[in-house]
2 protein chains.
Amino acid sequence: MVKKSTKNAAHHVPAQNPTLIDVARIAGVSPITVSRALNRPELVSTAAQEKVFAAVRATGYVPNMLAGGLATNKSRLIAIFVPTIANSIFADTVQALMDSLTAEGYQTLLGLTGYSSEREEQLLDAILGRRPDGIVLAGTLHTDESREKLCKAGIPVVEIWDLSASPIDMQIGFSHEQVGIDVAVHLFRQGYRRFSLLSLDDARGLRRGRSVIAELSALGVHDVPIEIMPAPATLLTGREGLARILAQGRSPEVIVCSSDTIAEGVLAEAASRGIRVPQELAVMGFGDLSSAAQVFPALSTVRVDGARIGLLVAQALLVRFSGKSPDPAPVRIDTGFSIIDRATTKLL
Amino acid sequence: MVKKSTKNAAHHVPAQNPTLIDVARIAGVSPITVSRALNRPELVSTAAQEKVFAAVRATGYVPNMLAGGLATNKSRLIAIFVPTIANSIFADTVQALMDSLTAEGYQTLLGLTGYSSEREEQLLDAILGRRPDGIVLAGTLHTDESREKLCKAGIPVVEIWDLSASPIDMQIGFSHEQVGIDVAVHLFRQGYRRFSLLSLDDARGLRRGRSVIAELSALGVHDVPIEIMPAPATLLTGREGLARILAQGRSPEVIVCSSDTIAEGVLAEAASRGIRVPQELAVMGFGDLSSAAQVFPALSTVRVDGARIGLLVAQALLVRFSGKSPDPAPVRIDTGFSIIDRATTKLL
DNA sequence: CTGTTAGCGCCTTCAC
DNA sequence: GTGAAGGCGCTAACAG
């Protein structure tokens with residue numbers, strides 16, 4: 001490394017990022033005044049403020065948040081864990097959350113947990129090292145150590161897209177069991193009796209699926225088969241899923257899929273086989289991913305308002321940060337969902 | 001705020017995150033030895049290492065990277081700017097980049113620039129404040145001030161998904177002009193003569209479109225119309241786009257779209273109007289978003305290997321970071337693209 | 001191989 | 001309304 005001391009030599013060297021002290025010197029005030037002018041301007045006279053702002057502009061000063069964070073023990077960083085962002089039902093949530101937080105001066109650290117719990121552990125450590133002010137969990141945390149570490153971190157945690165028992169801290173989501181029940185009842189009322197389920201090997205998807213099966217059973221429809229596909233979900237997953245179901249000699253009237261991506265694959269496979277949807281085969285998805293209806297007028301789905309969840313999460317966190325109450329009110333919001341029936345009505 | 005001093009009182013207080021000093025005390029070594037054991041274990045005796053690791057485990061110590069970053073002037077943070085992540089052609093790139101960087105101990109700061117250049121400015125400031133070690137630009141930087149700030153930040157910058165003139169620093173992408181030329185030539189050779197373009201109001205999309213028009217003109221096909229839709233791209237954009245084109249009384253043989261999302265909308269609109277694709281209307285997309293072929297066997301597209309770009313970016317950055325050369329080799333990689341023709345062959 | 005000293009850039013506390 | 005001193009947690013640089 002080249003030693004470039006001699007602070008005075010402001011020749012044409014990249015000049016090292018200017019610091020608050022540089023700004024103070026140029027503004028002719030003390031460093032702390034600069035700090036205050038930038039962070040709590042109400043504590044500083046207008047005259048001083050102007051001198052400071054001028055100096056900031058002149059130097060192109062950008063506050064070093066690493067230093068600020070170290071001093072205040074606040075990073076203004078929120079970590080959010082998601083299995084993946086490609087083609088993800090969480091995309092809207094992440095986007096909304098980031099938008100809201102950015103507007104309040106927070107940044108987001110995205111953690112892609114993927115499908116390996118080992119990766120997840122490492123990632124958690126790495127991110128905890130950044131001392132985030134809050135953590136949002138969109139996927140499930142697979143290992144117990146992870147959960148423990150989270151708790152010990154002593155920061156707000158929001159689990160989203162679910163309402164499990166045993167919350168770590170806050171929860172903003174909906175009941176996957178209820179989804180299963182509502183889907184089952186809805187389709188049953190439409191007149192469907194021969195069901196097949198197609199699910200990703202994913203905790204929540206399976207919970208929804210089991211709930212569908214249980215409810216159907218209560219309605220008198222037994223032995224509903226479920227085909228489980230390995231992660232990750234792609235369109236091929238759906239195509240192959242339908243192929244398998246048909247290869248088993250089943251002839252369902254309706255296929256309930258654990259995600260829209262899979263459902264779209266089913267539609268593609270049906271199309272390539274000349275099966276008319278929904279007349280010969282109805283398809284139900286989940287997530288209303290990318291407004292699937294606009295491409296597939298015949299796809300019904302369970303719509304979850306991902307953006308709203310993101311918004312609520314941001315609010316909940318910001319309230320926590322502003323809150324003085326040492327023992328904050330517990331947050332547990334059921335955001336609900338809605339069944340969008342575009343074309344499952346059975347044509348008898 | 002409740003004052004919780006008296007470090008000895010390790011009763012059942014959340015105990016404040018343990019610091020390196022706590023670990024050192026417990027391990028019976030000096031703080032710097034702990035630091036070294038964790039960061040450059042080769043400089044520390046095995047005996048000391050073991051004492052340190054034991055103490056780390058006992059305390060659940062997680063290094064504070066804010067402090068570390070401040071001391072080393074390295075944040076191990078890479079910022080990446082993308083217009084949006086929902087339904088984005090950059091998703092694969094982001095995913096691949098994050099995966100590679102995470103494996104090397106770097107984290108990613110995602111910046112969603114959206115479509116407002118004002119937002120972009122703020123965002124840039126906020127992120128520069130984190131002192132990232134590198135910046136990746138997937139979208140275009142709209143304002144000149146932004147570009148200047150970037151340069152003055154004095155860190156590696158990688159512009160991706162493009163090969164414009166006047167690079168800021170490194171470039172990893174392909175020529176959008178070349179895409180236009182290749183698409184034009186390809187379709188012309190297939191026998192198409194009546195074209196319509198449908199583009200988002202987006203700098204690169206328009207560059208591709210203009211290039212298609214110019215090349216077609218060179219081939220003797222003139223007056224190719226281009227319909228420009230406002231951002232953001234959704235499936236509705238495509239549907240409406242086709243509707244407009246048809247409403248103008250045009251009857252193109254092929255529609256060249258600026259993105260797969262738009263192309264999928266066109267397919268949906270065509271389907272709802274009973275227009276057979278590709279027999280009556282061929283459709284060409286761009287990006288090969290989420291392997292569109294698997295859903296739309298009749299959609300041709302320009303395939304870009306987004307994941308590979310992400311990988312190359314990570315490599316380029318890591319080389320820079322390891323590199324001692326004060327004047328590193330310039331990086332400008334043409335990743336190319338390929339035209340995937342699934343069904344544009346004209347059936348005469 | 002290990003420890004000491006000093007300081008990264010900022011903000012808190014307390015004084016004026 | 002402003003400033004001076006000290007420290008946040010960690011790691012360079014230099015000793016030993």
*Could you tell me the separation between the CD atom of A/Gln16 and the C1' atom of C/dG7, rounded to a whole number of Å?*
13 Å
_Taking any heavy-atom pair under 4.0 Å as a contact, classify B/Asn64: base, sugar-phosphate, or nothing._
sugar-phosphate
*Hey, what's the ring geometry for A/Phe90 with A/Trp161, parallel, tilted or perpendicular (30° and 60° as the breaks)?*
perpendicular
*Between A/Ile21 (CD1) and D/dA4 (C1'), how many Å, whole number?*
12 Å
*Is the backbone of A/Ile172 close enough, under 3.5 Å, to the side chain of A/Glu159 for a donor and an acceptor to pair up by distance?*
no
*Do the side chain of A/Arg131 and the main chain of A/Leu128 share a donor and acceptor less than 3.5 angstrom apart?*
yes
*asked:* When you compare the side chain of A/Gln49 with that of A/Glu42, does any pair of heavy atoms fall below 4.5 Å?
replied: no
*Nearest-nucleotide 5' precedence on DNA chain C, B/Val29 against A/Gly69*: B/Val29
*Calculate the interatomic distance between B/Leu66 atom CG and D/dC10 atom C1'; express it in whole Å.*
11 Å
*Send over the distance from B/Arg40 CZ to C/dT2 C1', rounded to a whole Å.*
14 Å
_So, under a plain 3.5 Å distance rule, would you say the side chain of B/Arg131 forms a donor-acceptor pair with the base of C/dG9?_
no
*Nearest to side-chain heavy atoms of B/Ser45, which nucleotide of C/dC11, C/dT2, C/dG3*: C/dT2
*A/Leu70 CG - C/dG7 P separation (whole Å)*: 17 Å
*Mind checking A/Pro31 for me? I need base, sugar-phosphate or nothing, with any heavy atom below 4.0 Å counting as a touch.*
nothing
*Of the nucleotides C/dG3, D/dG1, D/dT11, which one has an atom closest to the side chain of B/Ala71?*
D/dT11
*At under 4.0 Å, does any side-chain N or O of A/Thr72 touch on OP1 or OP2 of C/dC11?*
no
_Closer than 3.5 angstrom, by distance alone: can the side chain of B/Asp169 be matched with the main-chain N or O of B/Val158 as a donor-acceptor pair?_
no
*Grab the CD1-P distance between B/Ile32 and D/dT11 for me, whole Å please.*
7 Å
*Give the rounded distance in Å between these two atoms: CG of A/Asn39 and C1' of C/dC10.*
9 Å
*Does A/Ser30 have a side-chain nitrogen or oxygen under 4.0 Å from the phosphate oxygens OP1 or OP2 of D/dT2?*
no
*Base, sugar-phosphate, or nothing: which does A/Leu20 touch, judged by heavy atoms less than 4.0 Å apart?*
sugar-phosphate
*Figure out the CE/C1' separation between B/Met65 and D/dC10, and round it to whole Å.*
12 Å
*Under 4.0 Å between a side-chain N/O of B/Thr33 and OP1 or OP2 of C/dG3, yes or no?*
yes
